[in-house]
There are 2 protein chains.
Amino acid sequence: MEDGTVERARPRDRILETAQDMFHKHGIKGVGIDAITEAAGTNKMTLYRHFDSKDDLIIQCLRATACKAGAMWEKFEIEHPGDKLAQLHAWVRMAADCLTADGRGCDMANAAIELSETDHPARRVIKELKEAQRDRLVTLCRDAGIGQAELLADTLSLLLEGARVSVQSVGTEGPSAQFVRMAEGLIVSFRGTAAG
Amino acid sequence: MEDGTVERARPRDRILETAQDMFHKHGIKGVGIDAITEAAGTNKMTLYRHFDSKDDLIIQCLRATACKAGAMWEKFEIEHPGDKLAQLHAWVRMAADCLTADGRGCDMANAAIELSETDHPARRVIKELKEAQRDRLVTLCRDAGIGQAELLADTLSLLLEGARVSVQSVGTEGPSAQFVRMAEGLIVSFRGTAAG
DNA sequence: CTAGGGTGTTACCGGTCTGTAACGTCACGA
DNA sequence: TCGTGACGTTACAGACCGGTAACACCCTAG
């Protein structure tokens, strides 16, 4: 049995894991290098031996987070092999769980808001990762036999993005509470208007 | 003729105006007191004579911004007196303009993301103002004769919130480009399923 | 045993942050 | 004329920030 899960990992991995968690909870500008290294049970020098700068660490964290999120898609395929429509509904359920469980929104969206400098190196990474996510959802909608796949995917994207923000400003009892109903209604509506 | 528009105003008003603008552009944690006072053509002491702290300034800025946004509703009523459905479409148009023109999202949502401390004094103000905005949109939908007014209002809210975030991560060519089509489609759909 | 790489420790740099103290200035009104 | 209040200026406190230098340590491979 691996014990501590974090304690036994190598410093670089511990830093990456801890930084992801702390950036997520407190925001990028809300947490400093010292706090990260201390929480990761290491020190500043070791961090700077593995990452060029805080910006570099931010980017690596975003990539790691996106990678974890990407694993969800594989889970959908495993749980509903071949059934793309079921996978789409699984996506809705996963999104809804994310809303109620998390409280803090999407790391990439939050980072985009915090890092307002238009030339910040993390911004192109954010854009790239977000576009990849969108492409996956569009593909899923299309494979599920939905006519206006792009429009449905974009609508669902915006709804989720908005819900994750809304949770942070008015809580889970606000508009985001209706997310599942909205999403399911949209899927039904789009399936009605067009066929594959 | 009033010249400078900003130069002639009293220090407190200049500070409030400048802070709103700078918070909006660079984020709350991205701009310091010194930068604000310098841009407002005044100094730190004067700021602290008018505002208890930076947090106080943040709250006053949020209130002022919400007040400006509230003026939009009166504009809708003036431009389409009595015609609630036209006002709803005007809201959609206004929202779309906001997306393409602005580039930075909603100040309150951005602040909620930046100020992750759950007990931050600005958070209850944000919640209060956002709930007021939602109530107004619900009322408008209901008065426009839409059956499930709450659900439509919440859906439109999430769509706009999501679009304003999406613009910041992937730009105006992303999913937010379809905002008007989505919103108008929803209004049509909701008008079809129920009557006043 | 030894060499070397990954790691930890301490101290430090220069900068920025919020917030305050002390003092000077200027206009206006009684 | 006097005084009162709003405003400006300078300097500073104390904390935190990202990032670096120098050095000691320990484990492992050869």
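Per chain, numbering begins at 1; letters A, B, ... match sequence-line order. The model shown is predicted, which means the values in this text are computed figures rather than measured ones.
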Student: Can you check the A:Glu38 CD to C:dT9 P distance for me, whole Å?
Tutor: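 These atoms are roughly 11 Å apart.
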Student: If you measure from the Lys or Arg side-chain nitrogens to the Asp or Glu carboxylate oxygens, is any gap between A:Arg142 and A:Glu150 under 4.0 Å?
Tutor: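 Looking at A:Glu150 together with A:Arg142, the answer is yes, because their closest N to O distance falls below 4.0 Å.
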Student: With a 4.5 Å limit on heavy-atom distance, are the side chains of B:Leu129 and B:Thr65 in contact?
Tutor: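 A side-chain contact is absent here, since even the closest heavy-atom pair is not under 4.5 Å.
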Student: Are the charged groups of A:Lys25 and A:Asp21 less than 4.0 angstrom apart, N to O?
Tutor: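 A:Asp21 and A:Lys25: salt-bridged.
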Student: Are A:Arg123 and A:Glu128 close enough for a salt bridge, meaning some N to O gap below 4.0 Å?
Tutor: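 No.
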Student: A:Met45 or B:His50: which one's nearest nucleotide on DNA chain D is closer to the 5' end?
Tutor: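 Whichever sits nearer the 5' end wins; that is B:His50.
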Student: Please determine whether a side-chain nitrogen or oxygen atom of A:Thr46 lies at a distance below 4.0 Å from atom OP1 or OP2 of C:dT7.
Tutor: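 So the side chain of A:Thr46 is outside the cut-off, no N or O lying under 4.0 Å from OP1 or OP2 of C:dT7.
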Student: Looking at A:Arg49 and C:dG8, is any side-chain donor or acceptor paired with a base atom of the opposite kind under 3.5 Å?
Tutor: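 Under the 3.5 Å cut-off, the side chain and the base do form a donor-acceptor pair.
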Student: Say whether, by atom type as modelled, one donor and one acceptor occur between the side chain of A:Thr42 and the main chain of A:Glu38 under 3.5 angstrom.
Tutor: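 Here the side-chain-to-backbone pair does not exist.
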Student: Checking one residue: A:Val170. Which other hydrophobic residues are in its cluster under the side-chain 4.5 Å linking rule?
Tutor: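 Same cluster as A:Val170: nobody, lone residue.
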Student: Can you give me the first and the last nucleotide of DNA chain D (5' to 3') that has an atom within less than 4.0 angstrom of a non-hydrogen atom in chain B?
Tutor: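 First and last nucleotides in contact are D:dC7 to D:dT9.
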Student: Take atom CZ of B:Arg10 and atom P of C:dC26, then tell me their distance rounded to the nearest Å.
Tutor: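 The answer, rounded to whole Å, is 18 Å.
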Student: Run B:Asp56 and B:Ser53 through side chain to side chain donor-acceptor pair (under 3.5 Å) and show every step you take.
Tutor: CA-CA 5 Å; B:Asp56 182 34; B:Ser53 61; 5.7 Å; no
Student: Can you pull every protein N or O that's under 3.5 Å from an N or O on nucleotides 11-18 of chain C?
Tutor:
| from | atom 1 | to | atom 2 | distance (Å) |
| --- | --- | --- | --- | --- |
| C:dT18 | OP1 | B:Lys54 | NZ | 2.8 |
| C:dT18 | OP2 | B:Ile33 | N | 2.7 |

Student: Kindly compute the distance separating NE2 (B:His120) from CD (B:Glu114), expressed to the nearest 0.5 Å.
Tutor: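 Reported value, rounded in 0.5 Å steps: 10.0 Å.
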